[in-house]
Student: 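Handing you this structure, nothing more for now.
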Amino acid sequence: MHQSGSDQLEKEEKFLFASIESIQDLYLIVVSALVEIRKKEEDFLEKASKKHLATERDLKPNRKFISNRILLALEQNNSLSIALEKRKINNWSQNDDLILILLENVKKSSLYLSYLADKTDSFEHDKKFIMDMFTELIAANEKLYDYLEDYKLTWVDDIPLVNTMILKQLKQMDEGVEKSFAVLPLYKDAEDKDFARDLFRKTVLNENELAKEYIDTTPNWDPDRISEVDTIMLKMAICEFLRFPSIPVKVTINEYLEIAKEYATPKSSIFINGVLDNLVKDFQKTDKLKKTGRGLM
């Protein structure tokens with residue numbers, strides 16, 4: 001709503017939640033790419049072994065990659081299969097050329113060749129390879145990035161976040177524990193989703209009032225020179241200060257500093273930290289902060 005200038009709260013709220021849901025689609029598309037890469041290599045080895053003039057290498061290929069425990073665990077994971085079906089994610093059946101490009105990029109890498117040559121056979125060895133492969137060859141692949149950006153422009157800022165989430169999950173996988181990998185829910189619980197809705201509504205409906213708080217605190221700053229992303233974050237943070245009594249001040253400040261580091265300009269976190277710190281002092285002097293619960297100030 002801030003960006004479009006629209007006063008259609010319900011329409012913009014639907015767009016917000018649709019955008020949040022689409023992040024899970026991005027997550028599923030990227031994770032499923034790992035599964036599809038393994039499948040493509042297995043198909044390649046199978047076809048090579050059936051060639052009329054198959055070589056010794058074709059008949060007895062190195063199957064270490066397609067036997068990788070992490071890749072097999074992902075392929076057999078019920079949580080992932082159910083989520084892919086529920087969200088109707090079938091991108092790679094329609095764009096297997098990109099999977100082939102990713103696979104080729106993996107196979108010509110020194111990382112892959114070293115992995116095949118290494119005689120180590122363990123879950124942790126397999127996991128380290130997949131984590132390195134994902135970081136260096138999948139997440140960093142420009143063609144994959146371009147495809148995802150073209151598929152949905154709003155994913156541009158979400159791709160690094162999703163890749164980080166996936167890498168963290170890969171690191172946490174344990175041998176023999178099926179539930180060590182589970183598709184992450186969009187919200188922790190119903191209360192989490194309600195908070196997102198409440199924060200959106202209270203920020204939008206009180207936009208002018210919230211803006212006045214930081215404008216008065218930054219008299220030396222021309223409001224037009226403050227980036228739009230910074231103004232949105234400031235309004236949301238101030239909204240939490242004044243209209244969410246159960247959220248501690250420090251939690252709000254730390255949260256928006258992290259968001260600023262991820263989505264705003266390099267200097268944004270310093271600027272936002274300074275503004276919020278001054279606001280908190282002013283709110284405390286004027287008794288505007290009404291936090292409930294022990295230790296919430």
Student: Assess whether atom CZ of Phe17 is packed by more than 12 heavy atoms of other residues, nucleotides or ligands within 6.0 Å.
Tutor: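 More than 12 within 6.0 Å, yes.
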
Student: Count the heavy atoms belonging to other residues, nucleotides or ligands that lie under 6.0 Å from CD of Glu75, then report whether that count exceeds 12.
Tutor: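 Check passes, neighbour count above 12.
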
Student: Tell me the closest heavy-atom pair linking Ala182 and Gln169, and the distance in Å.
Tutor: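 So the two residues come closest at O-NE2, 2.7 Å.
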
Student: Looking at every heavy atom in both Met233 and Ile259, which two are closest together, and how far apart are they?
Tutor: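 Here Met233 and Ile259 meet closest at SD-CG2, 3.6 Å.
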
Student: Give a yes or no on this: more than 12 heavy atoms of other residues, nucleotides or ligands lie within 6.0 Å of atom CZ of Phe195.
Tutor: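 For Phe195, atom CZ is crowded (more than 12 foreign heavy atoms under 6.0 Å).
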
Student: Taking the side chain from Asn77 and the backbone from Leu80, do they hold a donor-acceptor pair closer than 3.5 Å?
Tutor: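 Yes: the side chain of Asn77 pairs with the backbone of Leu80.
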
Student: The test is side-chain contact (heavy atoms from CB on, under 4.5 Å); show your working for Val31 and Val183 and say whether it passes.
Tutor: CA-CA 10 Å; Val31 173; Val183 173; over 6 Å; no

Student: Salt bridge check: are Arg197 and Asp194 linked by an N-O gap of less than 4.0 Å?
Tutor: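 Looking at Asp194 together with Arg197, the answer is yes, because their closest N to O distance falls below 4.0 Å.
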
Student: Using the rule given for salt bridge (charged side-chain N to carboxylate O under 4.0 Å, His left out), can you reason through Asp25 versus Lys88, listing the C-alpha separation, both sets of side-chain angles and the distance that settles it, and then say yes or no?
Tutor: CA-CA 9 Å; Asp25 292 345; Lys88 296 180 172 58; over 6 Å; no

Student: Evaluate whether atom CZ of Phe44 has more than 12 neighbouring non-hydrogen atoms of other residues, nucleotides or ligands under 6.0 angstrom away.
Tutor: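 Counting neighbours around CZ of Phe44, 12 or fewer heavy atoms of other residues, nucleotides or ligands fall under 6.0 Å, so no.
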
Student: Mind running side-chain contact (heavy atoms from CB on, under 4.5 Å) on Tyr256 and Asp230 for me, showing each step along the way?
Tutor: CA-CA 10 Å; Tyr256 285 95; Asp230 287 357; over 6 Å; no

Student: If we ignore angles and hydrogens, is there a donor and acceptor under 3.5 Å between the side chains of Thr265 and Ser268?
Tutor: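 Yes.
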
Student: Between Gln24 (side chain only) and Leu184 (backbone N and O only), is there a donor and an acceptor less than 3.5 Å apart?
Tutor: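 Yes; at least one donor-acceptor contact below 3.5 Å.
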
Student: Would you say Ile215 and Ile232 are hydrophobically clustered, going by side-chain heavy atoms of ILVMFWY under 4.5 Å?
Tutor: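 Per the 4.5 Å side-chain linkage, Ile215 and Ile232 are co-clustered.
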
Student: Quick check: do Val106 and Leu102 have side-chain heavy atoms less than 4.5 Å from each other?
Tutor: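 Result no, sub-4.5 Å side-chain heavy-atom pair not found.
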
Student: Does any N or O in the side chain of Asn95 come within less than 3.5 Å of the main-chain N or O of Leu98, such that one atom is a donor and the other an acceptor?
Tutor: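 No, because the side chain of Asn95 does not come within donor-acceptor range (under 3.5 Å) of the backbone of Leu98.
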
Student: Can you tell me if Lys64 uses its side chain to pair, donor with acceptor, with the backbone of Asp118 under 3.5 Å?
Tutor: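 Yes, the answer is positive, given that a donor and an acceptor are paired below the 3.5 Å cut-off.
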
Student: Could you state whether Leu113 and Leu45 fall into the same hydrophobic cluster, counting links through intermediate Ile, Leu, Val, Met, Phe, Trp or Tyr residues with side-chain heavy atoms under 4.5 angstrom apart?
Tutor: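 In one cluster with Leu113: Leu45, yes.
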
Student: Donor-acceptor pair, Lys290 side chain versus Asp287 backbone, under 3.5 Å?
Tutor: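 Judged by distance alone, yes, a pair lies under 3.5 Å.
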
Student: Within a 6.0 Å radius of atom CD on Glu191, are there more than 12 heavy atoms belonging to other residues, nucleotides or ligands?
Tutor: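 Count not over threshold, so no.
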
Student: Provide the closest heavy-atom pair for Phe123 versus Arg69 in the form atom of the first, atom of the second, distance.
Tutor: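 Answer, listing the atom of Phe123 first, then Arg69: CA-CD, 3.6 Å.
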
Student: Taking the basic N atoms (NZ, or NE/NH1/NH2) and the acidic carboxylate oxygens, is any pair closer than 4.0 Å for Asp132 and Lys128?
Tutor: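 Yes, this pair counts.
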
Student: Verify whether one side chain among Asp126 and Tyr115 offers a donor that lies under 3.5 Å from an acceptor in the other.
Tutor: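 Short answer, yes.
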
Student: Under 3.5 Å, side chain of Lys261 to main-chain N/O of Pro266, donor-acceptor pair present?
Tutor: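 Not a single qualifying donor-acceptor pair exists.
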
Student: Quick one: side chain to side chain contact (heavy atoms under 4.5 Å, CB included) partners of Lys171, sequence neighbours excluded?
Tutor: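 Lys171 satisfies side chain to side chain contact (heavy atoms under 4.5 Å, CB included) with Met131 once adjacent residues are dropped.
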
Student: Write down the atom of Leu116, the atom of Asn62, and the distance for their closest heavy-atom approach.
Tutor: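 Taking every non-hydrogen atom into account, O-ND2, 3.2 Å.
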
Student: Considering non-hydrogen atoms only, spot the tightest contact between Lys127 and Ile70 and give its length.
Tutor: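 Heavy atoms of Lys127 and Ile70 come nearest at CA-CG1, 3.6 Å.
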
Student: Check Lys281 with Asp277, please: is the shortest side-chain N to carboxylate O separation under 4.0 Å?
Tutor: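 Looking at Asp277 and Lys281, the cut-off is met.
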
Student: What is the ring orientation for Tyr27 with Phe181, classed by angle as parallel under 30°, tilted 30 to 60°, or perpendicular over 60°?
Tutor: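 If you compare the ring of Tyr27 with that of Phe181, the planes turn out parallel.
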
Student: With respect to Glu240, which candidate in Ile253, Val251, Ile247, Val249 satisfies the side-chain contact (heavy atoms from CB on, under 4.5 Å) definition?
Tutor: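 The single option meeting the side-chain contact (heavy atoms from CB on, under 4.5 Å) with Glu240 is Ile247.
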
Student: Report yes if some heavy atom in the side chain of Leu26 is under 4.5 Å from a heavy atom in the side chain of Tyr151; otherwise report no.
Tutor: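 Counting from C-beta outward, Leu26 and Tyr151 never come under 4.5 Å.
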
Student: Is there a side-chain contact (heavy atoms from CB on, under 4.5 Å) between Asp198 and Arg243 once you walk through the steps?
Tutor: CA-CA 10 Å; Asp198 289 345; Arg243 299 176 183 275; over 6 Å; no

Student: Is there a path of hydrophobic side-chain contacts, each under 4.5 Å between heavy atoms of I, L, V, M, F, W or Y residues, that connects Leu100 with Leu34?
Tutor: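 In one cluster with Leu100: Leu34, no.
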
Student: Do Asn163 and Tyr145 touch side chain to side chain, with heavy atoms closer than 4.5 Å?
Tutor: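 No, their side chains stay 4.5 Å or more apart.
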
Student: Please step through side-chain contact (heavy atoms from CB on, under 4.5 Å) for the pair Ile130 and Leu74, ending with a clear verdict.
Tutor: CA-CA 11 Å; Ile130 294 302; Leu74 291 176; 5.7 Å; no

Student: Going only through I, L, V, M, F, W and Y residues with side-chain contacts under 4.5 Å, is there a path from Ile23 to Phe15?
Tutor: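 No, Ile23 does not connect to Phe15 through the hydrophobic network.
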
Student: Can a cation-pi geometry be assigned to Lys107 and Phe65, taking NZ or CZ under 6.0 Å from the six-membered ring centre and within 45° of the ring axis?
Tutor: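 No, Lys107 and Phe65 do not form such a contact.
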
Student: According to a hydrophobic-cluster definition based on side-chain heavy atoms being under 4.5 Å apart (Ile, Leu, Val, Met, Phe, Trp, Tyr only), do Ile82 and Ile89 belong together?
Tutor: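 No: no chain of side-chain contacts under 4.5 Å links Ile82 to Ile89.
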
Student: From the options Glu41, Glu42, Glu36, select the one residue that forms a side chain to side chain donor-acceptor pair (under 3.5 Å) with Arg38.
Tutor: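 Exactly one option meets the side chain to side chain donor-acceptor pair (under 3.5 Å) with Arg38, and it is Glu42.
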
Student: Where do Ile29 and Trp92 come nearest, in terms of heavy atoms and distance?
Tutor: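 Answer, listing the atom of Ile29 first, then Trp92: O-NE1, 2.9 Å.
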
